[in-house]
Amino acid sequence: MAKRIEVSGLHAYYGGTHAIEDISMTIEPRSVTAFIGPSGCGKSTFLRTLNRMHEVIPGARVEGKVMLDDEDLYDSSVDPVAVRRVVGMVFQRPNPFPTMSIYDNVAAGLKLNGVRGKRRLDEIVEESLRGANLWNEVKDRLGKPGAGLSGGQQQRLCIARAIAVQPQVLLMDEPCSALDPISTLAIEDLIGKLKSQYTIVIVTHNMQQAARVSDRTAFFNIAGTGKPGKLIEIDDTS
Ligand code: ADP
Ligand code: ADP
């Protein structure tokens, strides 16, 4: 299921602002690559070019190529909505649907994807919550709202929701920076486990975290105010 990502000559713009410049790199399947760099260097922008979220901002555009195995994400025949389905994303602030039950938070995307039948849904919901190391904590309260969980549990719920639809790539934008240290360790453990099944790209501003969770760390830099972010170095960290 996991796919290789091959980025070549990638630039991203917000209107006249050149946000990232000329990124080329390959990200292997079943690996974790961390992106690190100063605030404003384009890390989030880069992530959003990988699932075609960048272009939803008015005036924003992308140049260059992103291949998922042999599929060009920016080919004119490709439906951006379909891309967002196979390239899952987890955000800095856990964002479960707050009033929706824990069960429905995971099941909603499955229903949209055409999964039918309560038994089949139950099965995938359980499998996804187990996959996100959350099942034992929520199995007796699946009908309760997602907002009732702790921050760390909410983030794992968001990961369960993302993996339920069987993505090929998981993007994580500072997934721990709103969490306490214990919840952070739980997410880092989980990333280590998910690596065997997905291609994982994580943005973090924490060097220690990059070293702990990733096989490779890619460093972004900005030359100065108003200059685009550039990839300056990629190190093996495993
Ligand atoms: P990082 O994630 O590394 O903090 P971002 O990708 O958020 O950096 O931002 C990269 C650059 O793009 C910054 O100069 C930022 O101000 C600009 N930028 C980010 N989002 C927008 C937006 N919605 N509209 C215009 N400029 C933006
Ligand atoms: P509450 O948390 O309000 O007591 P329940 O946990 O009993 O509610 O059930 C809420 C939802 O979760 C229902 O849709 C139910 O079918 C589903 N559900 C409950 N237990 C399981 C289970 N073991 N496996 C899959 N789905 C379940």
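First listed ligand is number 1; within each ligand, the first listed atom is number 1.
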4.5 Å side-chain heavy-atom contact, Thr199 and Pro29: yes
Do NZ/NE/NH1/NH2 and the carboxylate oxygens of [X] and [Y] come within less than 4.0 Å?
X	Y	answer
Lys118	Asp122	yes
Glu71	Lys3	no
Glu63	Arg61	yes
Arg130	Glu127	no

How far is [atom] from the closest protein heavy atom, and which atom is that?
atom	answer
atom 8 (O) of ligand 1	Gly42 N, 3.1 Å
atom 26 (N) of ligand 1	Tyr14 CG, 3.4 Å
atom 7 (O) of ligand 1	Ser44 CB, 4.0 Å

Residue Lys43 vicinity, atoms of ligand 1 by number, heavy atom under 4.0 Å: 1 (P), 2 (O), 3 (O), 4 (O), 6 (O), 8 (O)
Show which atoms of ligand 1 fall inside a sub-4.0 Å distance from at least one heavy-atom site of Ser39.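 The list of qualifying atoms is 4 (O).
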Can you find a non-hydrogen atom of Gly37 under 4.0 Å from ligand 1?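 It does not; every heavy atom stays at 4.0 Å or beyond.
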Does ligand 1 have any atom sitting under 4.0 Å from a heavy atom of Pro38? yes
Does the protein put any heavy atom within less than 4.0 Å of atom 15 (C) of ligand 1? no
Say whether Ala19, considering both its backbone and side-chain N or O atoms, lies within less than 3.5 Å of an N or O atom on ligand 1. no
Using heavy-atom distances, let me know which of Leu47, Thr45, Asp173 sits nearest atom 9 (O) of ligand 1. Thr45
Which option, Gly16, Gly40, Gly229, Ala12, owns the non-hydrogen atom nearest atom 1 (P) of ligand 1? Gly40
Please work out whether any backbone atom (N, CA, C, O) or any side-chain heavy atom from C-beta onward of Ile57 is under 4.0 Å from ligand 1, and answer side chain, backbone, both or neither.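 Answer for Ile57: side chain.
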Sub-6.0 Å ring centroid separation between Tyr14 and His54: yes
May I ask you to decide if the ring planes of Tyr13 and His18 are parallel, tilted or perpendicular, using 30° and 60° as cut-offs? parallel
Give me the atom names and distance for the closest heavy-atom approach of Val106 to Leu129. CG2-CD2, 4.0 Å
